[in-house]
Amino acid sequence: MEVFTTVKEMKAYVRAVKQRRETICLVPTMGYLHKGHTDLMRMGRGLADHLVISIFVNPTQFGPKEDLAKYPRDFERDSRLAEEVGVECIFYPETLEMYPPGYATYVNVEEITETLCGLSRPTHFRGVTTVVAKLFNIVEPDVSVFGEKDYQQLTVIRKMVKDLDMNVRVVSHPTVREDDGLAMSSRNRYLSPSQRKNALVLIGSLRRARELVRGGEHDAAKIQAMAVDMISSTPECAVDYVEIVDPDTLCPVDRIDGRAVMALAVKVGSTRLIDNAELK
Ligand code: AMP
């Protein structure tokens with residue numbers, strides 16, 4: 001497995017692959033890999049001739065009061081896991097390699113970035129789309145895999161690719177969960193044992209919402225109120241948002257008739273967790 005830290009090295013590898021008319025799958029990550037990431041990589045392995053991942057804790061997607069400095073990092077462990085999964089190459093740049101002095105260009109998807117997570121993280125998606133656009137330009141992947149756990153991110157990236165006519169196929173992977181249902185996340189390590197237990201209210205409220213819909217409830221406001229209630233009455237948990245939205249536009253829906261997604265963000269102690277589920 002190769003590790004490239006510069007754009008120049010990464011582009012030389014890509015040029016060689018393209019000359020042989022072979023294909024590349026890219027799985028972008030911020031590292032501290034868990035099974036959620038490695039399952040994306042396993043999926044990616046089957047989608048192209050070469051599997052490239054990136055590990056980059058992207059500063060532009062963190063707000064000034066967020067956890068950039070303490071975001072967990074362990075490159076040794078990450079590279080071991082990546083090699084086991086069959087990753088051929090890791091792009092692992094320093095911040096200055098991606099954002100040299102004088103850097104001034106940003107990609108911004110409008111509207112769908114202004115709801116849900118965009119409300120409490122107003123600069124987040126601009127950072128995500130900027131770094132993903134840069135990664136697509138550097139690695140030139142034919143296909144790229146993103147997790148459904150970050151549902152709004154997936155939707156925003158699909159929109160960017162479509163609007164900017166990018167030559168990459170975006171493939172999604174279902175949310176990978178712990179045995180008890182908690183969505184895997186690098187941030188779960190911040191949780192104390194009691195917070196870890198209380199965090200199950202995220203999946204608990206999504207499951208309850210599904211049951212209600214299966215039982216014939218179509219009123220989105222009622223389901224939303226149930227979830228807000230469940231979360232607010234759980235110790236150490238505070239609702240950031242609970243929304244039931246159209247899966248493509250992310251606009252709120254009043255009635256659940258066709259496809260709808262319930263998306264939520266909850267502060268458990270000082271850790272902000274997100275999750276979502278399709279309600280049919
Ligand atoms: P991150 O390192 O958190 O930026 O995530 C990198 C990629 O892994 C993104 O496409 C995430 O959506 C995806 N991912 C993270 N956690 C999970 C999970 N539990 N299930 C599925 N995909 C995930």
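In listed order, ligands and their atoms are each counted from 1. From a predicted model like this one, the values you see are computed outputs, not experimental measurements.
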Have S194 and E236 got a donor and an acceptor in their side chains that come within less than 3.5 Å?
yes

Heavy-atom contacts under 4.0 Å between H37 and ligand 1: side chain, backbone, both, or neither?
side chain

Among residues two or more places apart or on two chains, list those pairs meeting salt bridge (charged side-chain N to carboxylate O under 4.0 Å, His left out) that have a residue in residues 196-207.
D180-R196

Cation-aromatic face contact K134/Y103, 6.0 Å, 45 degrees:
no

Flag for E9-T6: side-chain donor and acceptor within less than 3.5 Å
yes

Shortest protein contact, atom 15 (C) of ligand 1 (heavy atom only):
H34 CE1, 3.9 Å

Do F4 and Y92 have ring centres separated by under 6.0 Å?
no

Do D39 and H173 make a side-chain contact, defined as non-hydrogen atoms from C-beta onward lying under 4.5 Å apart?
yes

Taking only heavy atoms of T29 into account, list the atoms of ligand 1 that are under 4.0 Å away from them.
2 (O), 6 (C)

Closest protein heavy atom (residue, atom, distance) for atom 4 (O) of ligand 1:
M30 CG, 3.6 Å

Give a yes or no on whether a salt bridge exists between R214 and E211, defined as a side-chain N under 4.0 angstrom from a carboxylate O.
no

Can you sort out which atoms of ligand 1 are near M184, meaning under 4.0 Å from one of its heavy atoms?
16 (N), 17 (C), 18 (C), 19 (N)

Check each of P28, G147, P174, S186 against atom 23 (C) of ligand 1 and report the one with the nearest heavy atom.
G147

Contacting atoms of ligand 1, where contact means under 4.0 angstrom from a heavy atom of T175:
20 (N), 21 (C)

Which protein non-hydrogen atom lies closest to atom 20 (N) of ligand 1, naming both residue and atom, and how far is it?
V176 N, 2.8 Å

If we number the atoms of ligand 1 from 1 as shown, the ones under 4.0 Å from a heavy atom of F146 are 10 (O)

Got the closest protein heavy atom to atom 13 (C) of ligand 1, with its distance?
L40 CD2, 3.7 Å

Using a heavy-atom cut-off of under 4.0 Å, does the side chain or the backbone of D39 touch ligand 1, or both, or neither?
neither

Among non-hydrogen protein atoms, atom 11 (C) of ligand 1 lies closest to D150 OD2, 3.1 Å

Just grab all the salt bridge (charged side-chain N to carboxylate O under 4.0 Å, His left out) pairs involving residues 271-280, residues at least two apart or on different chains.
R177-D275, D240-R272, R259-E278

